[in-house]
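Only this structure's heavy atoms are used, side chains among them; waters, hydrogens and symmetry mates stay out. Here, residue 1 is the first one in the sequence, and each next residue gets the next number.
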Amino acid sequence: QLQLVESGGGLVQPGGSLRLSCAASGFTGENYAVGWFRQAPGKEREGLSCISNGGTTNYADSVKGRFTISRDNTKKTVYLQMNSLKSEDTGVYYCAAKWSVGRCDLMLYGYWGQGTQVTVSS
């Protein structure tokens, strides 16, 4: 059973940076895509970025140019580097995974982590 654990959230000032990690376990192989999602208070969950099994990436317009997703298959870990953070980036960040090859998208993920809180505030 594929399991995901996020870490790296916290409190940061506007303009600051954080790096989130998503560690996967409980499976073998690399044919899976990982996505990062955010749920802000009072809002629906929003897809932010994904990375395919081969390392191709996609970003939502809201984070393009500020966030970078990457993966280290040797560690079964996906990272989300978040720069130039804004107050509207505040929320619970989730990583999710699905068995997939080729380009990734932000739909139909079956495995989810427990989430990590990111608060951007002065």
Main-chain N/O of [Y] paired to [X] side chain as donor or acceptor, under 3.5 Å:
| X | Y | value |
| --- | --- | --- |
| R38 | G91 | no |
| E6 | C95 | yes |
| R71 | S52 | yes |
| N58 | C104 | yes |
| K76 | F27 | yes |

State, to 0.1 Å, how close [X] and [Y] come at their nearest heavy-atom pair, and which atoms those are.
| X | Y | result |
| --- | --- | --- |
| P14 | S122 | CD-N, 3.7 Å |
| I69 | S49 | CG2-OG, 3.2 Å |
| L4 | C22 | CD2-SG, 3.9 Å |

Item checked: Whether W112 and F37 hold their rings parallel, tilted or perpendicular, with breakpoints at 30° and 60° ->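 Geometry flag for F37 against W112: tilted rings.
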
Next item on the list: Indicate yes or no: at least one non-hydrogen side-chain atom of W36 is less than 4.5 angstrom from one of F67.
Entry: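 A side-chain contact under 4.5 Å is absent here.
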
Checklist line | Sub-4.5 Å side-chain heavy-atom contact between V12 and M82 | finding: no

Once rounded to the nearest 0.5 Å, what's the spacing between atom [atom1] of [X] and atom [atom2] of [Y]?
| X | Y | atom1 | atom2 | answer |
| --- | --- | --- | --- | --- |
| K64 | L48 | NZ | CG | 12.5 Å |
| S121 | D89 | OG | CG | 12.5 Å |
| S100 | Y109 | OG | OH | 7.0 Å |
| T77 | L20 | OG1 | CG | 12.5 Å |
| K43 | T90 | NZ | OG1 | 10.0 Å |
| Q39 | Q117 | CD | CD | 11.0 Å |

Next item on the list: Begin with the C-alpha distance, continue with both residues' side-chain angles, and end with the deciding distance and a verdict on ring pair (Phe, Tyr, Trp, His ring centres under 6.0 Å) for Y111 and Y32.
Entry: CA-CA 11 Å; Y111 302 93; Y32 62 98; 9.7 Å; no

Next item on the list: Check each of E88, E46, K86 against S62 using the side chain to side chain donor-acceptor pair (under 3.5 Å) test, and report the only one that passes.
Entry: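 Result: among E88, E46, K86, E46 is the only option passing the side chain to side chain donor-acceptor pair (under 3.5 Å) with S62.
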
Under a 4.5 Å side-chain heavy-atom rule over Ile, Leu, Val, Met, Phe, Trp and Tyr, are [X] and [Y] clustered together?
| X | Y | answer |
| --- | --- | --- |
| V92 | L85 | no |
| Y94 | L80 | no |
| L106 | L2 | no |
| V78 | W99 | yes |

Checklist line | Evaluation steps, side chain to side chain contact (heavy atoms under 4.5 Å, CB included), between T68 and Y79 | finding: CA-CA 8 Å; T68 302; Y79 304 97; over 6 Å; no

